[in-house]
Amino acid sequence: IAAFACPWANRAIIVRDLLGLQDVISMGNPGPTHDADSWTFDLDPGGVDPVLGIPRLKDAYEKRFPGYPKGITVPAMVDTRDGAVVTNDFAQMTLDFSTEWTEYQRDEAPALYPEHLRDEIDELNAMVFTEVNNGVYRCGFAGNQDAYDKAYDRLFAGLDQLEDRLTDQRYLVGDTITEADVRLFTTLARFDPVYHGHFKTNRNLLA
């Protein structure tokens, strides 16, 4: 289950498509918003996911853990046989698509997490996650001006570091697309239309 509006879910959608896993991993899409309780399938006929037969993603979480006390997040892998959530570990999910689903990948699928580059990818992913993926949210949800100022400086320091890295190379790691590029892209794609104005990450537009 992956909502198009969510950057964390968007990365799972992109990796699934790049690797050609659409035939073995089906996808349900809740609407762009959620209520206080759960993501809902309000875009589907009758407001019910056609495969799982549920109106709210929370139902799949409750199927696995009755009374589930934490947030109902996407992306979430749900077993279609019993309708229960298997995992919502968004960081591991896309790595699993690359490493655990290899026999189902399309011919000539890109090696998004090649073994010889994993240490470098992991190190860069950690930086992108803390400084950029989460960095925009630190700005947007800052509780006071001082917190916003610090978050703003930290975000753009991270973006400037990535700008320098990409000055002489097309991809973040190696000479072809990897998991690192996907994780950065989903934030960059939203930066000018959303974060620049809505979260005031407005030193400059990426464009």
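What's counted below: heavy atoms across the whole structure, side chains too, no hydrogens, waters or symmetry copies. Since we're looking at a predicted model, the values are computed, not measured.
Val128 and Val15 sit in two unconnected hydrophobic clusters of ILVMFWY residues. Membership requires side-chain heavy atoms under 4.5 Å apart, directly or through other members. Grouping the Ile, Leu, Val, Met, Phe, Trp and Tyr side chains by contacts below 4.5 angstrom, directly or via other members, places Met127 with Val136. Residues Val132 and Phe191 share a single hydrophobic cluster, defined by chaining ILVMFWY side chains whose heavy atoms lie under 4.5 Å apart. Cluster annotation: Val86 and Leu21 are assigned to the same hydrophobic cluster (Ile/Leu/Val/Met/Phe/Trp/Tyr, side-chain heavy-atom contacts under 4.5 Å, transitive). In the hydrophobic clustering of this structure, Val24 does not group with Val78; members are Ile, Leu, Val, Met, Phe, Trp, Tyr whose side-chain heavy atoms approach within less than 4.5 Å, directly or through other members.
Two residues are said to be in side-chain contact when any heavy atoms from C-beta on lie closer than 4.5 Å; Trp101 and Leu19 fail this criterion. In this structure, the side chains of Ile1 and Asn29 stay at 4.5 Å or more apart for every pair of heavy atoms. Counting heavy atoms from C-beta on, the side chains of Thr178 and Tyr171 never come closer than 4.5 Å. Looking at Ile14 and Phe185, their side chains come closer than 4.5 Å, going by heavy atoms from C-beta outward. Contact annotation: the side chain of Met77 never approaches that of Val85 to less than 4.5 Å [non-hydrogen atoms, C-beta and beyond]. Within the 4.5 Å cutoff, no side-chain heavy atoms of Thr176 are placed close to those of Pro114. Residues Thr99 and Arg118 have side chains in contact (heavy-atom distance under 4.5 Å, counting atoms from C-beta outward). Taking 4.5 Å as the limit, every side-chain heavy atom of Thr73 sits out of range of all side-chain heavy atoms of Trp8.
A 6.0 Å sphere centred on CG of Asp175 holds no more than 12 heavy atoms belonging to other residues, nucleotides or ligands. For Glu163, the CD atom is loosely surrounded, since the number of other residues' heavy atoms within 6.0 Å does not exceed 12. With a 6.0 Å radius and a threshold of 12 heavy atoms from other residues, nucleotides or ligands, Glu115 has its CD atom at or below the threshold. Heavy-atom neighbours of Asp119 CG from other residues, nucleotides or ligands within 6.0 Å: at or below the threshold of 12. Counting heavy atoms of neighbouring residues, nucleotides and ligands inside a 6.0 Å radius, atom CD of Glu123 does not exceed 12 of them.
In terms of heavy atoms, Arg11 sits closest to Ala91 at NH1-CA, 4.2 Å. Smallest separation of non-hydrogen atoms from Val74 and Ala2: CB-CA, 4.5 Å. Nearest heavy atom pair, residue Ala180 against residue Asn125, reads CA-OD1, 3.3 Å. Considering every non-hydrogen atom in both Ala9 and Ala3, the closest pair reads CB-O, 3.4 Å.
At distances below 3.5 Å, not a single donor-acceptor pair connects side-chain atoms of Arg16 with backbone N or O atoms of Ser26. Formation of a donor-acceptor pair under 3.5 Å by the Asp44 side chain with backbone atoms of Gly47 is not found in this model. Looking at Asp181, its side chain does come within 3.5 Å of a backbone N or O of Leu172 through a donor-acceptor pair. Looking at Asp35, its side chain never comes within 3.5 Å of a backbone N or O of Thr40 through a donor-acceptor pair. Within the 3.5 Å criterion, the main-chain N or O of Gly197 finds a donor-acceptor partner in the side chain of Lys200. Looking at Asp192, its side chain does come within 3.5 Å of a backbone N or O of Leu206 through a donor-acceptor pair. Of the possible donor and acceptor atoms, none in the side chain of Thr102 sits under 3.5 Å from a partner among the backbone N and O of Ser98. No side-chain donor-acceptor contact under 3.5 Å links Glu131 to the backbone of Leu159.
Between Tyr152 and Phe156, the gap from one ring centroid to the other is short of 6.0 Å.
Leu188 contributes atom CG, which lies 4.0 Å from atom CG of Leu184 (distance to the nearest 0.5 angstrom). Remark: Asp149 CG to Arg154 CZ distance equals 14.5 Å, nearest 0.5 Å. Separation of atoms CD1 (Ile54) and CG (Asp49) is listed at 6.0 Å; rounding is to 0.5 Å. Between Ile25 atom CD1 and Met93 atom CE the span is 9.5 Å, to the nearest 0.5 Å. Taken to the nearest 0.5 Å, the SG atom of Cys6 stands 8.5 Å off from the NE2 atom of His34. Rounded to the nearest 0.5 angstrom, Cys139 SG and His196 NE2 are separated by 11.5 Å.
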Could you walk me through whether Thr87 and Asp89 pass side chain to side chain donor-acceptor pair (under 3.5 Å), step by step?
-> CA-CA 6 Å; Thr87 180; Asp89 186 340; 5.2 Å; no

Any chance you could lay out the ring-ring contact (aromatic ring centres under 6.0 Å, His included) test for Phe97 and Tyr113, step after step, and finish with the verdict?
-> CA-CA 10 Å; Phe97 288 175; Tyr113 196 51; over 10 Å; no

Go through the steps to decide whether Asp59 and Arg56 satisfy the test side chain to side chain contact (heavy atoms under 4.5 Å, CB included), and finish with yes or no.
-> CA-CA 6 Å; Asp59 297 333; Arg56 307 174 308 154; 2.9 Å; yes

May I have the step-by-step check of salt bridge (Lys or Arg N to Asp or Glu O under 4.0 Å) for Arg203 and Asp160, ending in yes or no?
-> CA-CA 11 Å; Arg203 188 190 75 181; Asp160 287 343; 2.8 Å; yes

Given Leu155 and Arg138, is the side chain to side chain contact (heavy atoms under 4.5 Å, CB included) satisfied, shown in steps?
-> CA-CA 9 Å; Leu155 168 65; Arg138 271 196 302 272; over 6 Å; no

For Asn88 and Ile72, what are the C-alpha separation, side-chain angles and deciding distance, and is it a side chain to side chain contact (heavy atoms under 4.5 Å, CB included)?
-> CA-CA 9 Å; Asn88 65 347; Ile72 307 301; over 6 Å; no

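If you check the side chains of Thr94 and Glu179, you find a donor sitting under 3.5 Å from an acceptor. For the 3.5 Å distance criterion, the side chains of Thr186 and Asn10 fail to qualify, holding no donor opposite an acceptor.
Using the six-membered ring where Trp is involved, Phe199 and Tyr195 have ring planes that are parallel, under 30° apart on the 30 and 60° scheme.
Salt-bridge annotation for Asp82 and Lys63: absent, with no side-chain N of the basic residue lying under 4.0 Å from a carboxylate O of the acidic one. Between Glu120 and Arg165, at least one side-chain nitrogen of the basic residue sits less than 4.0 Å from a carboxylate oxygen of the acidic one, meeting the salt-bridge criterion.
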